[in-house]
Amino acid sequence: MHEIIRIDDITAGYEGRAQISGISISIHEHDFLGIIGPNGGGKTTLLRVILGLLSPMKGSVEYFRNGVSVNHLRIGYLPQYNAIDREFPISVYDTVLSGLCGEKTLWGRFTVAQHAKTVNALRFTETEDLARRSIKDLSGGQLQRVLLARAIVSNPEVLALDEPDTYIDGQFKEHMHKLLADINRECAIIMVSHDRQYINSNASQIITMTK
């Protein structure tokens, strides 16, 4: 399988202070990279570097498609639960559809095909019946499924998840893990998690962060 992300000797942090250093990773198509460790250990910092949201102080991040260097990949992102503004007045359907904003012009309308992708993502995550509800009316597990639908609606080459199993019950956690196994057949997954047992059992690569 082709390499899609190469991270070479990364040092990164905030306000000139390094939080992570000396990290090198090679991620291939259909890999499942698990990032585990204590709070404050730099898990989210590393994920932000991989996503291109944080520039490293040292080292490099490179992306590849079919063995050819590219500027970026299609990356679906499910942020931490507490980063979501649940009071924002938006429906489940429009939340998922917004995952396709990067595929249209600022004032352009979504196409029939993009609406079809949205319906498919809702169907895949079994949230079709929630489509017209406001996100503020959802349970924690329902919201995580909707955010997962938003992350995969663009058919990403990489799915990045920051602690997706927080604030959900055991029954839905099991369901989400099944969804992730299905998604991993289509794209690579990078997941920050506190669930060491799940990561140890399912990840093809594991990075353990330390304070």
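We count residues from 1, following the sequence as given.
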**OP:** Applying side chain to side chain contact (heavy atoms under 4.5 Å, CB included), run through Arg65 and Leu73 and close with a yes or a no.
**Re:** CA-CA 8 Å; Arg65 183 178 294 117; Leu73 298 172; 4.0 Å; yes
**OP:** Could you please spell out the steps behind the side chain to side chain contact (heavy atoms under 4.5 Å, CB included) verdict for Ile5 and His28?
**Re:** CA-CA 7 Å; Ile5 301 176; His28 293 73; over 6 Å; no
Original post:
side chain to side chain contact (heavy atoms under 4.5 Å, CB included) between Cys187 and Ile183: does it pass, once the steps are laid out?
Top reply: CA-CA 6 Å; Cys187 72; Ile183 293 167; 3.7 Å; yes
Original post:
Going through the distances and angles, do Ser91 and Arg133 end up as a side-chain hydrogen bond (donor to acceptor under 3.5 Å, both in side chains)?
Top reply: CA-CA 5 Å; Ser91 70; Arg133 291 176 62 179; over 6 Å; no
Original post:
Yes or no on salt bridge (charged side-chain N to carboxylate O under 4.0 Å, His left out) for Lys117 and Glu103, after CA distance, side-chain angles and deciding distance?
Top reply: CA-CA 12 Å; Lys117 283 184 178 182; Glu103 298 184 7; 3.6 Å; yes
**OP:** With side chain to side chain contact (heavy atoms under 4.5 Å, CB included) as the test, would you mind laying out the steps for Ile20 and Met209 before giving the verdict?
**Re:** CA-CA 8 Å; Ile20 59 174; Met209 311 298 290; 3.4 Å; yes
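Side-chain contact between Asp162 and Pro79 is absent, with no heavy atoms from C-beta onward closer than 4.5 Å. Between Phe88 and Thr95 there is no side-chain heavy-atom pair separated by less than 4.5 Å. Looking at heavy atoms from C-beta onward, His194 lies in side-chain contact with Asn39 at the 4.5 angstrom threshold. Annotation: side chain of Ser24 is in contact with side chain of Asp9 (closest heavy-atom distance under 4.5 Å). Ile152 places a side-chain heavy atom less than 4.5 Å from the side chain of Leu159. Proximity of Val146 to Val96: side-chain heavy atoms (C-beta onward) are separated by under 4.5 Å at one or more points. Side-chain contact between Met191 and Leu33: absent, with no pair of heavy atoms (C-beta onward) separated by less than 4.5 Å.
Criterion: ILVMFWY side-chain heavy atoms under 4.5 Å apart, direct or through other members. Under it, Leu46 and Tyr14 are part of a common hydrophobic cluster. In this structure, Ile7 is a member of the same hydrophobic cluster as Leu54, with clusters built from ILVMFWY side-chain heavy atoms closer than 4.5 Å. Note: the hydrophobic cluster containing Tyr77 also contains Ile25 (ILVMFWY, side chain heavy atoms under 4.5 Å, direct or indirect links). In the hydrophobic clustering of this structure, Leu147 does not group with Val158; members are Ile, Leu, Val, Met, Phe, Trp, Tyr whose side-chain heavy atoms approach within less than 4.5 Å, directly or through other members. Residues Ile206 and Ile35 do not share a hydrophobic cluster, clusters being chains of Ile/Leu/Val/Met/Phe/Trp/Tyr side chains in contact below 4.5 Å.
Each of Thr118, Leu122, Val119 was scored for a side-chain contact (heavy atoms from CB on, under 4.5 Å) with Leu97, with one residue passing: Thr118. For the side-chain contact (heavy atoms from CB on, under 4.5 Å) with Val49, the lone residue among Thr44, Val61, Ile23 that qualifies is Val61.
Closest heavy-atom contact between Ile75 and Ile50: CD1-O, 4.3 Å. What you find for Glu29 and Ile4 is that their closest heavy atoms are CG-CG2, 3.7 Å. In terms of heavy-atom proximity, Ser26 sits nearest to Asp31 at O-OD2, 4.1 Å. Summarising the geometry of Leu180 relative to Ile189, their closest heavy-atom pair is O-CD1, 3.4 Å, with the distance given to 0.1 Å. Minimum interatomic distance between Thr125 and Ala149 (heavy atoms only, all atoms of both residues): OG1-CB, 3.5 Å. Taking both residues in full, the closest heavy atoms of Tyr63 and Gly52 are given as OH-N, 3.7 Å, listed atom of the first, atom of the second, then distance.
In this pair, His177 and Tyr198 present their aromatic rings parallel. The plane angle is below 30°, not in the 30 to 60° band.
To the nearest 0.5 Å, atoms CD1 (Ile199) and CG (Asp195) are separated by 7.0 Å. Atom CD1 in Ile27 sits 12.0 Å away from atom CZ in Arg6 (nearest 0.5 Å). Considering NE2 of His115 and OH of Tyr93, their distance stands at 5.0 Å, rounded to 0.5 Å.
With His30 contributing its side chain and Ala188 its backbone, the two residues share no donor-acceptor pair below 3.5 Å. Looking only at distances, a side-chain donor or acceptor of Arg145 sits under 3.5 Å from a matching main-chain atom of Glu126. A distance-only check finds no donor-acceptor pair linking the side chain of Ser134 to the backbone of Asp137 [under 3.5 Å]. Between the Gln144 side chain and the Gly141 main chain, no donor and acceptor come within less than 3.5 Å of each other. When atom types are taken as modelled, the side chain of Ser204 and the backbone of Phe32 share a donor-acceptor pair closer than 3.5 angstrom. The backbone N or O of Arg74 lies less than 3.5 Å from a partner atom in the side chain of Glu157, making a donor-acceptor pair. Side chain of Lys43 to backbone of Ser193: no donor-acceptor contact under 3.5 angstrom is found.
In this structure, His2 has its ring center at least 6.0 angstrom away from the ring center of Phe64.
The environment of CD in Glu3 is crowded: more than 12 heavy-atom neighbours from other residues, nucleotides or ligands sit within 6.0 Å. Under a cut-off of 6.0 angstrom, the local environment of CG in Asp129 is crowded, with over 12 non-hydrogen atoms contributed by other residues, nucleotides or ligands.
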